[in-house]
Amino acid sequence: MKNDRLLRALRREPVDCTPVWLMRQAGRYLPEYRATRARAGSFLAMAKTPELACEVTLQPLARFPLDAAILFSDILTIPDAMGLGLYFVDGEGPKFERTVRTAADVDRLSVPDMETSLRYVMDAVRLIRRELDGSVPLIGFSGSPWTLACYMVEGGGSDNFARIKALALNDPATLHRLLAVNTDAVVAYLSAQRAAGAQVLQVFDTWGGVLSPAMYREFSLPYLVRIARELERGDGVARTPLILFGKGNAPYLDALAASGCEGLGVDWTVSLEDAALRTQGRVALQGNLDPATLYASPAAISEQVRLVLDSYQAGNGGSREGHVFNLGHGLSPDMSPGHVAALVDAVHIHSAR
Ligand code: CP3
C-alpha cells in the first residue's frame, strides 16, 4: 500500500500526518459526478453498474489528495435486495414500494445472497480495488440495523420516525426480529465486501441519535455490538478495522468503545477532546468538523480544521495518533470543490509530524 495512513491511524500507530477522507466525497457537489449520473440516467443505475460506481468512487481522488476511497453505493442496497423495491424520487430522497410494519412482513424477510442479488456491489469492490492499484485503502460500508429499519418501516426518509417508534412501543418483539435479520444481513454484507477487497469497514448509524437513551440502548446499541463481535475480520496488522459512525452517538461513546470496534465516528456536537478523554485510547476516533464549515472562506476552514486537530490532541494526552479526520456528517450538493480542497490541504499541513 503506497498510502497506509488510514490503516495505521485506525491501529493508533504513528503516521506522518493525519489521514483524511470525507463522507459523501463522491457526490453531487462534483460536476464530473453530475456528468456521470446524467450519462447513467439515475443514481440507482449508476450504483448498480460496477464500471460507473468505480468511476465515481475515483473522481474525488483525482481532485484531492484524500487518504482513502469509499465504495460508491448506498446503505439501502440491503433492503432492496430483501425485495422491498428501492426507488428515488428527485428532491424527495429514497422510497420503498413495500414497507415492513407487521409480524407477517418481517416473516417474509431473509438475508439476501451476497453473490447474486448484491453481486453488483461485490463486483464494484473488486473493480475499484484493481483500479486503485494499492494507492489508498478502500472503505466498504453498510447501514446499521436500526438505521436500515427506519427506512424499511417508514418506507423512506422521515421527520419524526412516527411509524417505527410506534412499532417499538406497540410491538417491540416484531421490531427486534427485524433488527435481528438486519444484523445478520449486515454481518454477511460486510464480510462479503471484505472478501471482495474492502480494507476498512464502516457502519452508518445515521438515525441512532433520534432515540431516547433507553430506546437507543434497546434498539440500536446491542445490534452494533453484535456486529463488532460477530464480524470475522482477521488479527494483528492484517485485521480489517471496523468503524462505527453514529450521528448523535456522543452519550454512548463509552459503551461503543467497549464493543470491540477499532474506530468510532462522531458528529460535531461533541468535542474530540471530550470524546478522546472518555474513550481513553481504546479506539481510534474519526471526525468531526461541522460540514457547514465548508460554507465559510478557505481561511476560516483552515482555522477550524486546526481547532479539530488540536481538540483531539488535547484529549489524547498530547498525541495526534489515533485520529482520522472527517466531517461530522456528509458533504452537501451545494458545497464548493475548492473549499473541499482547502480542507484536505489544511488537515495535512496542520497535522504534519
Ligand atoms: O460517502 C460516499 O461518498 C459513498 C457513497 C454513499 C452514498 N450514500 C451515496 C449517495 C454512502 C456511504 C451513502 C450512505 C447512505 N445512504 C446513508 C448513510 C450516510 C448518511 O448520510 O448518514 C443514508 C441515510 C443513505 C440513504 C440515502 N441515499 C439518502 C438519504 C440519499 C439522498 C437523497 C437525496 O436526494 O438527497 C441517498 C442517495 C445518495 N446516496 C446520493 C449519493 C451520492 C445522492 C443521489 C443522487 O445522485 O441524486
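Both ligands and their constituent atoms are indexed starting at 1 by order of listing.
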Q | Verdict with reasoning, T293 to D290, per side chain to side chain donor-acceptor pair (under 3.5 Å) | A | CA-CA 6 Å; T293 306; D290 181 348; 5.0 Å; no

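Look at R194 and E232 and you find no salt bridge, because none of the NZ, NE, NH1 or NH2 atoms lies under 4.0 Å from a carboxylate O. E32 and R63 are joined by a salt bridge, as a carboxylate oxygen and a charged side-chain nitrogen come within less than 4.0 angstrom of each other. For the pair E115 and R126, the salt-bridge criterion is met [side-chain N within less than 4.0 Å of a carboxylate O].
The side chain to side chain contact (heavy atoms under 4.5 Å, CB included) test applied to A103 returns T174, R177, not counting sequence neighbours.
For ligand 1, the protein residues within 4.0 angstrom (heavy atoms only) are M23, R24, Q25, A26, R28, Y33, R37, F43, I70, L71, F72, S73, D74, I75, L76, F88, G93, P94, F141, Y151, F204, T206, H329.
Closest of all the heavy-atom pairs between T183 and Y223 is OG1-CD2, 3.2 Å.
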